[in-house]
Amino acid sequence: MDLHITGGRIVDPGHYEGIGDLFVAGGKIVALVPAGTPVPAGDASKFSHPPSRIVDARGKIVAPGLIDLHVHLREPGFEHKETIASGCRAAVCGGFTAVCCMANTRPVNDDASVTRFVLARAAEAGLARVHPVAAVTKGLEGRVLCDYESLKAAGAAAISDDGRPLTDSRIMRQALERAGRLKLPVISHSEDPFLVEGGVMNEGPVARDLGLAGIPNAAESIMVLREIALSELTGVSVHIAHVSTRESVLAIREAKKRGVRVTAETAPHYFLLTEEAVRRHGADAKMNPPLRSEEDRLAVRQGLADGTIDCIATDHAPHAPEEKAVGIEKAPNGIIGLETAVSLSLSLVRDRVLSLTGLIAKLSTLPARILGIPCGLAQGLPADVTLIDPEFEYTIDPSLFKSRSRNSPFVGMRVKGKPAMTIVDGRIVFEDKL
Ligand code: DOR
Ligand code: ZN
């Protein structure tokens with residue numbers, strides 16, 4: 001379908017920001033035309049007249065399709081939590097045109113056959129692009145490296161043992177060396193399991209108050225420092241998942257200054273919530289790493305502002321209501337995030353932590369750079385586009401989630417700004433009837 005997206009505020013980081021029109025045909029961006037400029041004749045000829053759809057984007061942000069580096073789609077194996085189809089539906093409703101899905105499924109994505117299965121399911125769903133993240137080690141057990149060559153050939157976009165800490169530093173070194181040769185990004189779930197022990201939330205005053213076992217900041221930063229050291233040793237870049245502590249931010253900032261090839265993501269809950277949220281939301285505020293102190297939250301925001309933290313990812317981690325209902329100590333870690341991330345992240349612009357372009361970059365072009373995939377609204381690129389209504393106010397209502405799960409501490413929160421349309425490969429895959 002040909003699309004003429006007219007009158008929107010185009011925000012294409014590093015390329016163009018301003019009012020303009022976007023023309024889409026044959027699944028590609030055909031032209032980006034600043035307001036008041038005629039369409040160049042050569043570009044106009046690529047476009048059918050009249051276009052099959054004119055999208056009135058006045059008052060909307062028109063951004064490159066958003067990319068979530070970190071989601072759990074749960075299929076195969078845990079379809080009661082989420083399926084690839086339901087997760088992709090949640091993704092496009094949340095404004096994401098592409099998601100990277102972690103390997104902690106059953107079976108684990110440690111074999112090309114599983115990677116191919118994930119991609120086949122994603123193609124059937126026909127919604128968001130899915131980039132499978134394969135395991136670093138067989139069964140996520142931290143002992144035997146997977147065959148990255150065949151995983152990459154099958155379509156794996158990166159490797160990570162996310163959900164399970166990789167404790168053996170020698171294995172991590174070898175993984176970096178082999179993945180580096182294949183230009184396969186390595187994503188680290190930085191956690192020292194010995195320091196976590198039976199911890200269920202942040203170690204601090206709230207845990208003491210509630211009589212719960214705590215997880216110290218050092219459980220994360222020790223491993224972040226190890227990954228930095230191994231990246232330096234091997235010369236291979238490493239991406240740190242879900243940064244939650246001040247010490248991790250400091251370590252990454254300092255490493256980047258020294259020229260270490262480390263990148264990092266955080267998630268909306270780490271820049272918006274603290275351990276206090278556990279009092280009210282219980283297991284729906286339980287995730288790994290846990291919500292930290294106010295000092296950590298502010299450090300994460302500072303890390304976003306100064307570029308220490310490159311991306312915002314959701315760590316969308318669906319769990320069924322009955323699994324979360326067993327009390328905070330026994331409940332599994334994780335919260336869903338795909339359908340709330342855009343609304344929540346726009347607060348960073350209102351709070352002047354990021355410019356609008358800075359925010360869009362952390363949700364699109366920067367994750368794309370880490371994955372080594374094209375992203376943007378320049379002529380000839382795949383037409384993955386997200387429209388956002390920055391003014392729409394609403395209350396987060398779990399009954400409207402397309403995800404199969406409901407585990408979110410943001411339920412009931414009043415927010416401003418919402419995805420309005422999601423376009424993948426030139427096809428409208430989500431359109432909000434505001
Ligand atoms: O909170 C989390 N949930 N952290 C992880 O590392 C894994 C994830 C999951 O798979 O549920
Ligand atoms: Zn993780």
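Just so you know, these numbers use all the heavy atoms, side chains as well, and skip hydrogens, waters and symmetry mates.
- A side-chain donor from one of Ser190 and Ser188 sits under 3.5 Å from a side-chain acceptor of the other.
- Distance alone, capped at 3.5 Å, places no donor-acceptor pair between the Arg116 side chain and the Ala154 backbone.
- Asp56 and Arg58 are joined by a salt bridge, as a carboxylate oxygen and a charged side-chain nitrogen come within less than 4.0 angstrom of each other.
- With respect to Glu79 and Arg121, no salt bridge is recorded, no charged nitrogen being found less than 4.0 Å from a carboxylate O.
- No donor-acceptor pair under 3.5 Å is formed between the side chain of Arg261 and the backbone N or O of Ser231.
- Between Glu247 and Leu225, every side-chain heavy-atom pair lies at or beyond the 4.5 Å cut-off.
- Atom CG of Leu304 and atom OG of Ser345 lie 8.5 Å apart (nearest 0.5 Å).
- Proximity of a side-chain donor or acceptor of Lys152 to a complementary backbone N or O of Ala179 within less than 3.5 Å is not detected.
- Taking the centre and axis of the six-membered ring of Tyr270, the NZ or CZ atom of Arg292 falls outside the cone set by 45° and 6.0 Å.
- Under a 3.5 Å cut-off, the side chain of Arg253 and the backbone N or O of Asp306 do not form any donor-acceptor pair.
- Of the possible donor and acceptor atoms, none in the side chain of Asp68 sits under 3.5 Å from a partner among the backbone N and O of Ala313.
- Nearest heavy atoms, Thr37 versus Val33: O-CG1, 3.1 Å.
- Val130 is listed as a side-chain neighbour of Val99, based on a closest heavy-atom distance under 4.5 Å.
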Evaluate the criterion side-chain contact (heavy atoms from CB on, under 4.5 Å) for residue pair Phe117 and Leu119; output intermediate values, then yes/no.
CA-CA 5 Å; Phe117 169 83; Leu119 285 170; over 6 Å; no

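- Here the straight-line distance linking atom CG of Leu73 with atom CZ of Phe78 works out to 13.0 Å at 0.5 Å rounding.
- Residues Ser52 and Asp2 have side chains that never bring a donor and an acceptor to within less than 3.5 angstrom of each other.
- Environment of NZ in Lys416: crowded, with over 12 heavy atoms of neighbouring residues, nucleotides or ligands closer than 6.0 Å.
- At a threshold of 4.5 Å between non-hydrogen side-chain atoms, the residues Pro64 and His15 do not count as touching.
- Checked by atom type and distance alone, the side chain of Lys402 never pairs as donor or acceptor with a backbone atom of Glu339 at under 3.5 Å.
- Counted by atom type alone, His239 and Asp310 present zero donor-acceptor pairs between their side chains at under 3.5 Å.
- The side-chain heavy atoms of Ser237 and Thr263, taken from C-beta on, include no pair separated by under 4.5 Å.
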As a quick check of understanding, evaluate side-chain contact (heavy atoms from CB on, under 4.5 Å) for Leu366 and Arg369, giving each step before the final call.
CA-CA 5 Å; Leu366 289 166; Arg369 189 185 297 171; 3.9 Å; yes

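- Counted within 6.0 Å of CZ on Arg280, heavy atoms from surrounding residues, nucleotides or ligands total 12 or fewer; the atom is thus considered open.
- Nearest heavy-atom pair across Ile423 and Thr97 is O-CG2, 3.4 Å.
- The stretch residues 267-279 participates, sequence neighbours left out, in these salt bridge (charged side-chain N to carboxylate O under 4.0 Å, His left out) pairs: Asp209-Arg279, Glu276-Arg279.
- With contacts defined as side-chain heavy-atom distances shorter than 4.5 Å, the pair Glu323/His80 qualifies.
- Summarising the geometry of Ile228 relative to Ala251, their closest heavy-atom pair is CD1-O, 3.5 Å, with the distance given to 0.1 Å.
- A salt bridge links Glu17 to Arg9: one of the charged nitrogens lies within less than 4.0 Å of a carboxylate oxygen.
- Atom CD of Glu220 is separated from atom OG1 of Thr245 by 4.0 Å, given to the nearest 0.5 angstrom.
- Side chain of Ser293 to backbone of Asp296: a donor-acceptor contact under 3.5 angstrom is found.
- Under the 3.5 Å distance criterion, the side-chain polar atoms of Asp162 are left unmatched by any main-chain donor or acceptor of Met102.
- Judged by distance alone, the side chain of His319 and the main-chain N or O of Ser405 form no donor-acceptor pair under 3.5 Å.
- Closest approach of Gly139 and Arg164 over heavy atoms only: O-NH1, 4.2 Å.
- With rounding to the nearest 0.5 Å, the separation of CG in Asn202 from NZ in Lys286 is 14.0 Å.
- Surrounding CZ of Arg226 are more than 12 heavy atoms belonging to other residues, nucleotides or ligands, all under 6.0 Å away.
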Would you check, one step at a time, whether the test side-chain contact (heavy atoms from CB on, under 4.5 Å) holds for Phe430 with Leu127?
CA-CA 9 Å; Phe430 163 73; Leu127 296 163; over 6 Å; no

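- Shown here for Leu69 and Cys100, the closest heavy-atom pair between the two residues is O-CB, 3.2 Å.
- Side-chain contact between His316 and Ser403 is present, with at least one heavy-atom pair separated by less than 4.5 Å.
- The existence of a salt bridge linking Arg258 and Glu254 is confirmed by a sub-4.0 Å separation between a basic side-chain nitrogen and an acidic carboxylate oxygen.
- The closest side-chain heavy-atom distance from Met421 to Lys60 is not below 4.5 Å.
- For the atom pair Cys146 SG and Asp111 CG, the distance stands at 8.5 Å (nearest 0.5 Å).
- Within the 4.5 Å cutoff, side-chain heavy atoms of Val118 are placed close to those of Ile84.
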Please evaluate residues Asp21 and His4 with respect to the criterion side-chain hydrogen bond (donor to acceptor under 3.5 Å, both in side chains), reporting the C-alpha separation (whole Å), side-chain torsions for both, the decisive distance (0.1 Å), and the verdict.
CA-CA 7 Å; Asp21 286 19; His4 176 182; 2.7 Å; yes

Can you check salt bridge (Lys or Arg N to Asp or Glu O under 4.0 Å) on Glu75 and Arg404, steps first, answer last?
CA-CA 12 Å; Glu75 188 181 357; Arg404 281 205 173 168; over 6 Å; no

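- In summary, the side chains of Ser86 and Glu82 do present a donor paired with an acceptor at a separation below 3.5 Å, with no hydrogens or angles considered.
- Going from atom CG of Asp110 over to atom OG1 of Thr115 covers 8.5 Å, rounded to the nearest 0.5 Å.
- Open room surrounds CD on Glu149; 12 or fewer heavy atoms of other groups in view lie less than 6.0 Å from it.
- When every heavy atom of Thr386 is checked against every heavy atom of Gly95, the shortest pair comes out as OG1-O, 2.7 Å.
- Side chain of Thr314 to main chain of Gly337: no donor-acceptor pair is present (N/O by atom type, distance under 3.5 Å, no hydrogens or angles).
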Let's go through Ile312 and Phe271 carefully: what are the C-alpha distance in whole Å and the side-chain angles of both, what is the deciding distance for side-chain contact (heavy atoms from CB on, under 4.5 Å) to 0.1 Å, and is it a yes or a no?
CA-CA 10 Å; Ile312 296 170; Phe271 62 73; 4.0 Å; yes

